[in-house]
Amino acid sequence: MKPKSEIKRNSYKIPLVASLGGCMEFYDFSLFIFMLHPISEAFFPGEPPSVSFYKTLLIFAVGYIMRPFGGLFFGHLGDRWGRKKAFQISLVLMSLTSFMIALIPGVAKIGWFSPLFLLSLRVLQGFALGGEIPGAAIFASEHFPRKRGLINGMLFLGITWGMLLASVVILILRGILSPVHFTEYGWRIGFIFGGFSGLLILWLRSSFSEPSIFIDFLAHKRKFPLVDLFRFSKKEVIQGILAMAMVSGSLFLMIRINDYINTFSKIQLENENIVSTYFFGVYGVFIFFSGWISDKIGRRMMMLIGCVSGGIGSIVFFFLLPGFSSYFEVFFWLTFWAITMSLCNGTFACFTIERFPTVYRFSGFAFCYNIGFASFGGIIPLFLTSLLGHLSSIIILIIYIFVLALTNFLSVLTSKDFFKEHLRF
């Protein structure tokens with residue numbers, strides 16, 4: 001048996017190392033979006049830029065459509081055979097697909113097989129991502145049941161900084177490579193880095209043990225936890241999915257903020273990734289604080305405040321965007337937007353996790369998380385981008401964020417808060 005001091009010392013590593021897997025998920029997620037232009041040139045050369053860009057975005061969205069299927073698979077695996085096993089396997093698959101995306105030969109060498117391989121790997125990657133963040137959030141929450149808000153705030157701080165990491169990596173690559181070399185092979189280096197990082201995190205996680213609440217539950221586990229989920233918790237599933245509206249829908253806007261500034265404001269960013277790096281740095285810090293505060297005032301109250309503040313902050317930012325003429329205005333209002341949008345993101349995981357008992361907690365959260373992200377973060381933004389291409393009006397973005405905020409607010413308003421209760425067995 002390990003001495004208490006060693007157990008306590010290892011326990012502090014759990015939320016940190018658990019968050020690193022999610023960090024690499026969002027690294028890959030945002031890296032693909034940040035690299036849309038060079039990826040589209042690599043896999044759809046010779047086509048009009050708007051056509052190749054949209055085809056690449058479609059491949060990205062297909063990966064997100066696979067997330068719910070991965071969530072169902074890894075949720076079942078996590079509820080039946082262990083939280084650790086599920087999110088370890090998902091991390092291996094995620095890392096290997098990142099390596100393979102970086103190594104796909106160009107169209108000049110293998111023709112149409114090149115974009116087909118990219119599509120296939122995005123499908124596998126989307127499937128793997130379906131289990132990573134839900135597994136990390138469940139694992140950390142069950143290890144620290146009395147500080148779920150604080151721990152998930154720390155977890156999603158790390159996850160959000162995956163987007164910051166992607167911005168920094170691109171900044172470095174653009175700084176050391178010429179534009180031609182960056183387009184030719186620089187984007188591949190980013191995915192290689194993601195693959196190596198994933199394997200390192202896998203090694204760091206190898207010493208973790210299952211949460212005690214899951215070990216106590218093993219004798220009572222069910223063969224098909226998904227059946228129980230949809231039999232006993234239909235209402236909670238709907239609430240959990242709708243609780244993802246603001247978080248997942250707004251992330252797509254945040255990652256593409258550089259394009260929106262260049263398109264709709266009076267200035268052209270000289271180094272686009274400096275803006276996104278700053279934004280996600282501020283955003284992540286306040287996510288941590290919102291999770292911590294939710295332990296004191298409740299998830300429901302924090303989510304309601306977050307829906308209102310995030311909706312107002314987003315509408316104000318995009319309403320003022322066409323008038324921006326200096327970097328001071330950009331960074332000032334980016335700070336305002338980042339703070340107002342952070343409140344939901346630090347709380348939504350606890351809000352959803354607490355709705356499900358141990359018997360199908362992993363399945364429940366994974367299903368809600370991935371359906372929410374596939375819908376609000378993958379499919380709907382695809383239509384939004386198409387609509388913006390035809391109309392090019394910032395009013396579309398304002399209406400979009402208003403609908404997200406209203407959907408999220410009404411869902412949380414009609415929900416019960418479980419933050420004072422113990423995780424149910």
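Positions are given from 1 along the sequence. Side-chain atoms are counted along with the backbone in the values below, which use heavy atoms only and exclude waters and symmetry mates. This one's a predicted model, so the numbers in the text were calculated from it and none came from an experiment.
- One N or O on the side chain of S178 and one on the backbone of H181 form a donor-acceptor pair closer than 3.5 Å.
- With a 4.5 Å cut-off on side-chain heavy atoms, D259 and R256 count as touching.
- At distances below 3.5 Å, not a single donor-acceptor pair connects side-chain atoms of N152 with backbone N or O atoms of C350.
- A distance of 5.0 Å separates CZ of F418 from CZ of R355, quoted to the nearest 0.5 Å.
- Checked against the 6.0 Å centroid threshold, Y360 and F232 do not count as a close aromatic pair.
- Checked against the 6.0 Å centroid threshold, F288 and F156 do not count as a close aromatic pair.
- We find the CG-SG distance between L164 and C23 to be 9.0 Å, quoted to the nearest 0.5 Å.
- In F230, the CZ atom is crowded: over 12 heavy atoms of neighbouring residues, nucleotides or ligands sit closer than 6.0 Å.
- Donor-acceptor pairing under 3.5 Å is lacking for the side chains of T352 and Y369.
- A centroid separation of less than 6.0 Å is found between the aromatic rings of Y27 and F193.
- With T263 contributing its side chain and Y260 its backbone, the two residues share no donor-acceptor pair below 3.5 Å.
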Distance-only donor-acceptor hits, side chain of residues 404-413, under 3.5 Å, sequence neighbours excluded:
from: T407; atom 1: OG1; to: V403; atom 2: O; distance (Å): 2.8
from: N408; atom 1: OD1; to: M246; atom 2: N; distance (Å): 3.0
from: N408; atom 1: ND2; to: L242; atom 2: O; distance (Å): 3.4

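- Separation of atoms CG (D295) and CD1 (I297) is listed at 10.5 Å; rounding is to 0.5 Å.
- Judged purely by atom type and a 3.5 angstrom limit, S363 uses its side chain to pair as donor or acceptor with the backbone of G75.
- Residues meeting the side chain to side chain contact (heavy atoms under 4.5 Å, CB included) test with T160, sequence neighbours left out: M163, F280, Y283, I287, N345.
- Side-chain N/O atoms of T335 and Y278 include a donor and acceptor closer than 3.5 Å.
- In this structure, CG in L200 is found 10.0 Å from CG in L91, a value given to the nearest 0.5 Å.
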Please evaluate residues F362 and F74 with respect to the criterion ring pair (Phe, Tyr, Trp, His ring centres under 6.0 Å), reporting the C-alpha separation (whole Å), side-chain torsions for both, the decisive distance (0.1 Å), and the verdict. CA-CA 8 Å; F362 199 143; F74 288 108; 8.1 Å; no
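- Contact between V330 and I267 at its shortest, heavy atoms only, is CG2-CD1, 3.5 Å.
- Geometric assessment of R361 against the ring of F365 yields a negative cation-pi assignment under the 6.0 Å and 45° thresholds.
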Between W187 and F43, does the ring pair (Phe, Tyr, Trp, His ring centres under 6.0 Å) criterion hold? Intermediate values first, please. CA-CA 12 Å; W187 64 271; F43 291 95; 5.8 Å; yes
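- If you take CD on Q239 and OG1 on T414, they are separated by 6.0 Å, rounding to the nearest 0.5 Å.
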List the atom pairs, donor and acceptor, that lie under 3.5 Å between side-chain atoms in residues 305-326 and the rest of the protein, sequence neighbours left out.
from: S309; atom 1: OG; to: I305; atom 2: O; distance (Å): 3.1
from: S309; atom 1: OG; to: G306; atom 2: O; distance (Å): 3.3
from: S309; atom 1: OG; to: T340; atom 2: O; distance (Å): 2.9
from: S314; atom 1: OG; to: G310; atom 2: O; distance (Å): 2.7
from: S314; atom 1: OG; to: W337; atom 2: NE1; distance (Å): 2.7
from: S325; atom 1: OG; to: E329; atom 2: OE1; distance (Å): 3.2
from: S326; atom 1: OG; to: E329; atom 2: N; distance (Å): 3.4
from: S326; atom 1: OG; to: E329; atom 2: OE1; distance (Å): 3.4

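- With values rounded to the nearest 0.5 angstrom, S114 atom OG is found 8.5 Å from F44 atom CZ.
- Using modelled atom types, one finds no donor on one side chain facing an acceptor on the other under 3.5 Å when comparing T347 with R299.
- For R67 and F69, the positive end is not near the middle of the six-membered ring at less than 6.0 Å and at most 45° from its axis.
- Closest approach of A102 to F191, counting heavy atoms only: CB-CB, 3.8 Å.
- Under the 3.5 Å distance criterion, the side-chain polar atoms of S265 are left unmatched by any main-chain donor or acceptor of N262.
- S375 contributes no side-chain N or O that, together with a main-chain N or O of G372, makes up a donor-acceptor pair within less than 3.5 Å.
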